[in-house]
Amino acid sequence: MENFDIRKDLEDGLKNREFQVYLQPKFDCRTEKMVGAESLIRRVKDGNLIMPNAFIPLYEQADLIAYIDNFVLEEVCKLLQKWQQSGKYCYVSVNESAKHLSNKNHGMEVMKILNRYQVSPQLIELEVTESAIIQDMELAKKAEERMHELGFIISMDDFGVGYSSFSVLKNIPIDVLKIDKIFLEGLLNRRRFQIILESIIDMAHKLKMVTVMEGVETKEEVEYLKEIGCDVLQGYYFDKPLPIEDFEKKYLF
Ligand code: C2E
Ligand code: CA
Ligand code: CA
């Protein structure tokens with residue numbers, strides 16, 4: 001598709017309310033209590049559910065990703081306001097494309113949305129992917145510092161799959177290390193893999209970061225992650241991403 005068609009397609013989708021936010025719960029590793037959720041976008045077009053990998057990269061290439069990220073943030077802020085009014089507290093993470101994060105209007109845009117719903121940044125975690133952070137380290141560093149100072153929780157998503165994970169850690173104030181699910185592959189029967197994961201978690205704790213393991217699918221993985229002191233778990237073992245109403249019914253109300 002040409003950029004023009006991609007923009008038209010995105011505008012149509014927003015206008016026709018085809019985009020929907022799903023929430024996948026996250027759990028405290030020790031107590032297995034729900035502690036927060038990640039927002040993940042879906043599109044329902046002509047009755048079909050379309051997953052984000054089919055459209056996020058297109059919008060990123062066409063420089064339109066800010067529309068999606070702002071849409072998701074606004075939906076999340078509406079929810080946080082509603083929950084707060086009913087005395088429910090739960091932090092929610094949103095995925096932020098680094099392309100959007102590095103935009104000079106980013107901080108202002110984000111705060112405008114939060115102010116509209118009187119939501120505190122402390123309830124929002126920004127998940128930024130490492131590959132995206134790398135593209136322009138200086139710009140990303142400034143943007144993350146700015147968001148960190150505003151009070152947002154900063155999370156490095158997909159940790160460990162890029163080439164420069166460790167150099168990013170050296171330079172950017174990160175609160176949460178979200179370890180990529182690839183580290184779970186073959187983990188339980190390869191001591192070599194375990195040593196690497198244990199070292200990552202140990203390092204994160206020494207740097208005062210909270211560790212999150214994504215893609216947890218089995219009881220055995222949960223037991224092992226408990227043993228090595230991972231803080232937060234997310235994955236199909238606990239629950240899949242749910243439509244907002246289902247999430248609320250199951251976990252909040
Ligand atoms: P991600 O941020 O790494 O999200 C985790 C993906 O793993 C999600 O896929 C989630 O549904 C899936 N997942 C959760 N538990 C398990 C599990 O136990 N096993 C396995 N195999 N997978 C699991 P999803 O929802 O298809 O999202 C794909 C990617 O699209 C996300 O990866 C994120 O990079 C991007 N994305 C989604 N929503 C947004 C958004 O609002 N804005 C931006 N910029 N990107 C988004
Ligand atoms: Ca994520
Ligand atoms: Ca991830």
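First listed ligand is number 1; within each ligand, the first listed atom is number 1.
- Proximity of the aromatic rings of F27 and Y237 is defined here by a centroid distance below 6.0 angstrom, and this criterion is not met.
- Counting only heavy atoms from C-beta outward, the side chains of V119 and I124 approach each other to under 4.5 Å.
- Summarising the contacts of atom 25 (O) of ligand 1 with E60, R42, E38, the nearest heavy atom is found in R42.
- Here E198 pairs with R191 in a salt bridge; the nearest charged N to carboxylate O distance falls below 4.0 Å.
- Nearest to atom 10 (C) of ligand 1 by heavy atom, out of T218, V128, V21, L40, is L40.
- A heavy-atom distance below 4.5 Å is not found between the side chains of Q81 and R116.
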Discussion item. Please determine whether side-chain hydrogen bond (donor to acceptor under 3.5 Å, both in side chains) holds for the pair Q122 and Y91, giving the CA-CA distance in whole Å, both sets of side-chain angles, and the decisive distance to 0.1 Å.
Written reply: CA-CA 8 Å; Q122 274 90 2; Y91 83 91; over 6 Å; no

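- Taking 3.0 Å as the criterion, N95 counts as a coordinating residue of the Ca ion (ligand 2), since one of its N, O or S atoms falls below it.
- Interface atoms of ligand 1 facing M51, defined by a heavy-atom separation under 4.0 Å, are 26 (O).
- Proximity of E96 to M147: side-chain heavy atoms (C-beta onward) are nowhere separated by under 4.5 Å.
- Of the protein's non-hydrogen atoms, the one nearest atom 36 (N) of ligand 1 is P52 CB, 4.1 Å.
- Comment: K82 engages E248 in a salt bridge, judged by a side-chain N to carboxylate O separation of less than 4.0 angstrom.
- Screening L233, T211, I179 against L225 for a side chain to side chain contact (heavy atoms under 4.5 Å, CB included) leaves a single residue, L233.
- Summarising the local packing, CZ of R7 is surrounded by 12 or fewer heavy atoms from other residues, nucleotides or ligands at distances under 6.0 Å.
- K181 NZ, 3.7 Å is the protein heavy atom nearest to atom 6 (C) of ligand 1.
- At a 3.5 angstrom cut-off on N or O pairs, Y236 counts as close to ligand 1.
- Counting heavy atoms from C-beta on, the side chains of F152 and R146 never come closer than 4.5 Å.
- Of the N or O atoms in D69, one or more lie within a sub-3.5 Å distance of an N or O in ligand 1.
- Considering only non-hydrogen protein atoms, atom 3 (O) of ligand 1 sits nearest to D158 OD1, 3.3 Å.
- A heavy-atom distance below 4.5 Å is not found between the side chains of W83 and L123.
- Given atom 41 (O) of ligand 1, the protein heavy atom at minimum distance is V72 CG2, 3.4 Å.
- Protein heavy atom closest to atom 1 (P) of ligand 1, with residue, atom name and distance, is D157 OD2, 4.0 Å.
- Put simply, no part of Q234 is less than 4.0 Å from ligand 1, judged by heavy atoms.
- For atom 18 (O) of ligand 1, the nearest protein heavy atom lies under 4.0 Å away.
- Within the 4.0 Å cut-off (strictly below), a protein heavy atom is located near atom 45 (N) of ligand 1.
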Practice prompt. I would like to know whether E245 and K249 meet salt bridge (charged side-chain N to carboxylate O under 4.0 Å, His left out); could you show each step before the answer?
Written response: CA-CA 6 Å; E245 275 174 31; K249 257 189 244 155; 5.1 Å; no

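- Among protein heavy atoms, atom 28 (C) of ligand 1 sits closest to N53 OD1, 3.5 Å.
- Taking the Ca ion (ligand 2) as reference, the nearest N/O/S atom within E38 carries the name OE2.
- Judged purely by distance below 3.5 Å, without hydrogens or angles, the side chains of E38 and N95 pair a donor atom with an acceptor atom.
- Considering only heavy atoms from C-beta on, L177 comes within 4.5 Å of L169 through its side chain.
- Near G235, meaning under 4.0 Å from any of its heavy atoms, are these atoms of ligand 1: 15 (N), 18 (O).
- Contact of the I200 side chain with the I196 side chain is registered, since non-hydrogen atoms from C-beta on lie closer than 4.5 Å.
- Listed by chain and number, the protein N, O or S atoms at a distance under 3.0 Å from the Ca ion (ligand 3) are D157 OD1, D158 OD1, E214 OE1, E214 OE2.
- Counting protein heavy atoms only, atom 15 (N) of ligand 1 is closest to Q24 NE2, 3.0 Å.
- Proximity of H100 to ligand 1, defined as any heavy-atom pair under 4.0 Å, is not found for any part of the residue.
- Ranking the protein heavy atoms by distance from atom 21 (N) of ligand 1 puts E217 OE2, 3.3 Å first.
- Proximity of K240 to ligand 1, defined as any heavy-atom pair under 4.0 Å, is not found for any part of the residue.
- Side-chain contact, K26 with S93: a donor N or O sits under 3.5 Å from an acceptor N or O.
- Electrostatic pairing of E217 and K181 does not count as a salt bridge here, judged by no charged N lying under 4.0 Å from a carboxylate O.
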Compile the donor-acceptor pairs under 3.5 Å between side chains in residues 65-73 and protein atoms, sequence neighbours left out, one pair per line.
residue, atom, partner, partner atom, Å
D69, OD2, S97, N, 3.0
N70, ND2, A66, O, 3.4
N70, ND2, E109, OE1, 2.8

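- The N/O atoms of I41, backbone and side chain alike, include one that comes under 3.5 Å of an N/O atom in ligand 1.
- Within the listing of ligand 1, atoms 18 (O) sit less than 4.0 angstrom from a heavy atom of V216.
- Put simply, atom 38 (N) of ligand 1 has protein non-hydrogen atoms near it, under 4.0 Å away.
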